Amino acid sequence: MNFTETGISKMKAKKMRYDTPDDKIPSLYLRIEPSGVKTWYVYYRHPVTHCRVRKKIAPQEQLTVAQAREYAKNFVATVILTKEDPVQAEKKMRSRLTLEEVVNKYIPWMKLHRKSIRQSVTMLKSFEPLFPTIAEDLSPADITRWKQTLTLLKPEISPKTINRRVALLKGMLSWAVREGHINTNPLRGTVEMLKEGDNGRVRYLTPEEREKLLQALEKRDSEEKDYLRCAVLLSLNSGIRKGTLLKLRWEYVDWNNKTLTLPAQIMKGGKTKIVPLNPIALEALIDWRNRSAPQAAEGYVFPGDTRDGHLGDVKNPWKTLLKRAGIGGFRWHDMRHDFGSQLAMQGVDILVIKELMCHESLKMTLVYSHLAPQHLEKAVAKLSSLYS
């Protein structure tokens with residue numbers, strides 16, 4: 001039939017659906033259903049099997065005859081020139097995972113293989129503007145635009161934090177390749193990291209800030225008498241990471257040898273460490289045990305309402321304490337930096353600091369080396385005896 005708008009409008013439905021080909025473009029067909037619904041189809045030969053294949057184009061009322069002919073002509077030409085089946089390619093494209101779908105597969109895997117994933121989940125969610133994108137189609141330009149938007153919305157975020165998020169994203173995509181969810185990591189070796197300026201943020205308390213913090217802590221403790229005094233003093237005097245601190249159990253404390261065992265399952269590096277307890281840290285633990293569980297030989301040092309039964313976070317009490325003390329720009333993790341910084345300024349050997357802070361690499365500890373100028377001066381001064 002030579003398709004015309006008038007001729008098509010006169011075509012009647014039958015008991016069985018039927019296809020009518022176009023005289024001008026033989027690959028174009030119009031299908032009429034028993035219900036009267038009319039639909040454009042294109043028929044073509046599979047480039048490999050040469051079997052006859054059909055593809056639905058659109059309902060008849062959505063395309064004019066001229067538009068349907070143009071579509072069918074271009075479609076068949078594409079099959080001939082590319083020697084690929086567009087229908088299979090389209091199915092494959094629909095089966096490709098978006099970034100959101102990859103994230104939703106990665107989070108359950110992290111829950112099984114990582115100790116703590118809350119921060120990682122938060123970082124991954126910051127890529128939400130890119131979630132609809134097919135994971136394999138991500139480009140460095142997409143990441144650049146994401147960085148620009150993020151820095152505009154949250155100018156307080158440091159380049160180091162942004163780089164950590166990008167590194168996490170790249171690691172997740174590499175995992176997706178290994179698991180067979182995607183074929184390639186589109187960001188591998190292609191994303192430029194931001195310059196961080198120095199080796200990291202090292203924030204420690206000045207003598208005045210330390211005094212104000214301790215005064216605010218004692219004042220709060222006289223009102224609340226809860227875990228915060230012990231947790232803060234233990235952090236300042238042992239350098240234990242917050243995640244490890246909140247998972248401590250009483251059986252990890254060796255009262256006789258004045259040490260604290262940190263099992264591999266609660267450590268970031270996955271290795272068991274034993275750290276000494278100085279008199280301040282030991283007194284804080286004894287005081288807290290006498291208040292909370294005088295006879296405790298096991299159980300969590302800081303019990304709470306998490307699934308495992310330990311304290312979940314200390315964000316709000318810590319924020320309130322700093323406000324009372326009038327101290328700004330000091331995170332909980334900075335107490336760990338304060339521990340390393342004070343050791344360096346007291347002239348403690350850098351390798352000893354490395355062991356006390358449970359660092360895996362000396363490079364991580366070297367950020368504190370510049371804080372011990374007097375110690376370095378004494379070291380080179382020893383050479384003067386050779387020239388007396």
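Bear in mind that the values here come from a model prediction, so they are computed numbers and not experimental data. What you see below is based on every heavy atom in this structure, not just the backbone, and it leaves out hydrogens, waters and symmetry mates.
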Residue pairs, two or more places apart or on separate chains, that pass salt bridge (charged side-chain N to carboxylate O under 4.0 Å, His left out) and touch residues 39-54: none

Non-hydrogen atoms of L236 and F339 that approach each other most closely: O-CD1, 3.5 Å

Any residue meeting side-chain hydrogen bond (donor to acceptor under 3.5 Å, both in side chains) with W109, in chain and number order, not counting sequence neighbours: H113

Which residues share a side-chain contact (heavy atoms from CB on, under 4.5 Å) with L351, sequence neighbours left out: D349, L362

Sub-4.5 Å side-chain heavy-atom contact between V166 and I143: yes

Atom pair CD/CG of E70 and L63 - distance to nearest 0.5 Å: 11.5 Å

side-chain hydrogen bond (donor to acceptor under 3.5 Å, both in side chains) partners of R69, counting only residues at least two apart: N2, D22

CD1-NZ distance between I157 and K147, expressed to the nearest 0.5 angstrom: 13.0 Å

Where S27 and V76 come nearest, the two heavy atoms and their spacing: OG-CG2, 3.6 Å

Cation-pi, F75 ring and K73 (6.0 angstrom, 45 degrees): no

Atom of T4, atom of V65 and distance for their closest heavy-atom approach: C-CG2, 4.1 Å

Run the side-chain donor-acceptor check on residues 318-326: report pairs under 3.5 Å with partners two or more places apart or on a different chain.
residue: T320; atom: OG1; partner: N316; partner atom: O; Å: 3.0
residue: R324; atom: NH1; partner: E223; partner atom: OE1; Å: 3.2
residue: R324; atom: NH2; partner: E223; partner atom: OE1; Å: 3.0

Residue pair K354 / M364, side-chain heavy-atom distance below 4.5 Å: no

Flag for S139-D142: side-chain donor and acceptor within less than 3.5 Å: yes

Separation between CD of E100 and CG of L124, rounded to the nearest 0.5 Å: 12.0 Å

Side-chain touch T306/L311, heavy atoms, less than 4.5 angstrom: no

More than 12 heavy atoms from other groups under 6.0 Å of CD on E179: yes

W288 side-chain N/O to V301 backbone N/O, donor-acceptor pair under 3.5 Å: yes

Shortest non-hydrogen separation from S235 to A231 and the atoms involved: OG-O, 2.8 Å

Listed once per pair and sorted, the salt bridge (charged side-chain N to carboxylate O under 4.0 Å, His left out) pairs that draw on residues 269-284, sequence neighbours left out: R229-E283, K271-E360

D308 atom CG, over 12 foreign heavy atoms within 6.0 Å: yes

Spacing of CG belonging to L205 relative to CD1 belonging to I327, to within rounding of 0.5 Å: 5.5 Å

Considering all heavy atoms, the nearest T98-P132 contact: CG2-O, 3.7 Å

Ring centres under 6.0 angstrom apart (H50, H46): no

Any I286 side-chain heavy atom under 4.5 Å of W255 side chain: yes

Check: I240 main-chain N/O paired with T244 side-chain donor or acceptor under 3.5 Å: no

Cationic N near anionic O, under 4.0 Å, D338 to R210: yes

Separation between CD1 of I32 and CZ of R17, rounded to the nearest 0.5 Å: 11.5 Å

Heavy-atom side-chain proximity of K160 to N163 below 4.5 angstrom: no

Heavy-atom pair with the smallest gap, counting every atom of P317 and Y227: CG-OH, 3.3 Å

Under the ring pair (Phe, Tyr, Trp, His ring centres under 6.0 Å) test, residues paired with Y204 that sit two or more places apart: none

Working for salt bridge (Lys or Arg N to Asp or Glu O under 4.0 Å), residues K14 and E33: CA-CA 7 Å; K14 300 178 181 180; E33 301 286 348; over 6 Å; no

Pairwise salt bridge (charged side-chain N to carboxylate O under 4.0 Å, His left out) hits with a residue in residues 234-252, at least two apart: K242-D313, R249-E251

Min side-chain heavy-atom separation I274-L262 under 4.5 Å: no

Point-to-point distance, once rounded to the nearest 0.5 Å, from CD1 of I8 to CD of E61: 11.0 Å

Enclosure of Q67 CD (heavy-atom neighbours >12, cutoff 6.0 Å): yes

Y44 versus D85, side-chain donor and acceptor atoms under 3.5 Å: yes

Flag for H181-Y106: side-chain donor and acceptor within less than 3.5 Å: no

Centroid-centroid under 6.0 Å between W250 and F302 rings: no

Heavy-atom check, side chain of P21 versus side chain of L28, under 4.5 Å: no

Any V253 side-chain heavy atom under 4.5 Å of T261 side chain: no

Inter- and intrachain pairs under salt bridge (charged side-chain N to carboxylate O under 4.0 Å, His left out), touching residues 290-304, at least two apart: D221-R291, D287-R291

Connected hydrophobic set around Y29, excluding itself, where side chains approach under 4.5 Å: Y41, Y43

Residue list, side-chain contact (heavy atoms from CB on, under 4.5 Å) with S126, at least two apart or on another chain: W146, R165

Distance-only polar pair, side chains of T6 and S9, donor-acceptor under 3.5 Å: no

Any residue meeting side-chain contact (heavy atoms from CB on, under 4.5 Å) with P303, in chain and number order, not counting sequence neighbours: none

